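Contents: one structure, followed by commentary.
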Amino acid sequence: MEEEIHEWCMLEYLHMAKLVGATNLYLTGMSPVFISKLPESLKGVCCTTRSVEEFLGLNPASNTRELPLKHIDINMDFQTLDLSKIALLDPSAPEPLMTDDSSKFEYLLFGGILGDDPPKDRTGMLRVLGFKTRHLGPVQMTTDTAVHVSKRVVINKTPLDQIPYVDRPDIKL
């Protein structure tokens, strides 16, 4: 866990909050320093220092059931959430995210998508927890791009194979 947040990463968080609404974005595993310096534009985002496992009550070492939310007041205990309503976005998943997945899942979990190229399979840490999985295609995306594509599929009902991409674009400044 890094104490400071990189500017590009903050831009991704801001973009994700804009795409789905700040109160629909949950960031786990954040440093206390990051949470204390949260910009005004991210104040509605739920930020916690807990890992996703602890946040959902999946860590056997955690015997607390307090709501781990810092910036929003909701009446939901995530530790009792029906885990079958969570889809893990996993590049190794056998099935793609589908337009009808909005009727199957209430939450999409983006973990380990952002990383090295080639990927180091950081999603594997979450895969072992037994979530149902979906993929967004063969190319690794930035997290905010994955959120955007997922929103287009499950909210806008655009099939994944109908979303145009430019893989590995050359950007001239």
Side-chain angles (χ1 to χ4, degrees), residues 1-2 5-22 24-31 34 42 45-60 68 78-79 81-171:
M1 179 181 322
E2 295 182 36
I5 196 81
H6 297 283
E7 183 180 356
W8 61 267
C9 199
M10 181 63 72
L11 290 172
E12 284 199 351
Y13 294 151
L14 289 166
H15 190 218
M16 288 186 286
K18 182 179 177 182
L19 285 167
V20 300
N24 293 316
L25 183 60
Y26 303 88
L27 301 175
T28 60
M30 306 307 291
S31 76
F34 171 77
L42 287 178
V45 172
C46 166
C47 291
T48 179
T49 58
R50 294 181 184 191
S51 68
V52 71
E53 298 92 342
E54 293 169 318
F55 186 72
L56 295 172
L58 300 175
N59 188 338
F78 280 86
Q79 295 181 356
L81 184 68
D82 180 357
L83 299 181
S84 70
K85 296 292 185 181
I86 300 173
L88 172 63
L89 276 291
D90 180 354
S92 300
E95 295 179 53
L97 188 65
M98 304 291 285
T99 57
D100 67 343
D101 280 335
S102 61
S103 65
K104 299 172 187 165
F105 303 111
E106 294 177 22
Y107 300 91
L108 298 178
L109 178 56
F110 300 84
I113 292 174
L114 184 62
D116 299 311
D117 190 20
K120 291 184 177 178
D121 192 30
R122 292 183 178 144
T123 307
M125 297 180 297
L126 298 173
R127 189 181 308 118
V128 298
L129 298 173
F131 294 107
K132 293 179 183 174
T133 60
R134 297 292 188 267
H135 70 76
L136 296 175
V139 177
Q140 179 171 308
M141 301 175 186
T142 61
T143 308
D144 62 328
T145 300
V147 168
H148 189 199
V149 168
S150 298
K151 180 181 179 187
R152 289 184 67 179
V153 173
V154 297
I155 303 297
N156 299 355
K157 304 297 183 195
T158 304
L160 188 59
D161 63 359
Q162 292 181 20
I163 299 174
Y165 296 94
V166 175
D167 294 330
R168 305 192 186 285
D170 288 322
I171 300 173

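Quick caveat, the model's predicted, so the values are computed rather than measured. Scope of the values below: all heavy atoms of this structure, side chains included, with no hydrogens, waters or symmetry mates.
The only member of His135, Arg127, Lys132 that meets side-chain hydrogen bond (donor to acceptor under 3.5 Å, both in side chains) when paired with Asp90 is Arg127. The side-chain hydrogen bond (donor to acceptor under 3.5 Å, both in side chains) test with His15 is passed by exactly one of Thr145, Asp144, Thr143: Asp144. The only member of Pro91, Ser150, Pro96 that meets side-chain contact (heavy atoms from CB on, under 4.5 Å) when paired with Leu136 is Ser150.
Expressed to the nearest 0.5 Å, how far CG of Leu14 lies from CG of Leu19 amounts to 11.0 Å. From Met16, atom CE reaches atom NZ of Lys151 across 13.5 Å, with rounding to the nearest 0.5 Å.
In this structure a side-chain-to-backbone donor-acceptor pair under 3.5 Å is missing from Asp101 to Leu97.
Residues Leu89 and Phe110 approach most closely at CG-CE2, 3.8 Å, considering heavy atoms. Of all heavy-atom pairs spanning Tyr13 and Leu25, the tightest one is O-CD2, 3.9 Å. Between Lys104 and Lys85, the shortest heavy-atom contact is O-CD, 3.6 Å. Between Tyr26 and Cys46, the closest heavy-atom pair is CD2-CB, 3.3 Å.
Residues satisfying the ring-ring contact (aromatic ring centres under 6.0 Å, His included) criterion with Phe131, sequence neighbours excluded, are absent altogether.
At a threshold of 4.5 Å between non-hydrogen side-chain atoms, the residues Leu42 and Met10 count as touching.
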Compile the donor-acceptor pairs under 3.5 Å between side chains in residues 153-165 and protein atoms, sequence neighbours left out, one pair per line.
{"residue": "Lys157", "atom": "NZ", "partner": "Thr99", "partner atom": "O", "Å": "2.8"}
{"residue": "Lys157", "atom": "NZ", "partner": "Ser102", "partner atom": "OG", "Å": "2.4"}
{"residue": "Lys157", "atom": "NZ", "partner": "Val154", "partner atom": "O", "Å": "3.1"}

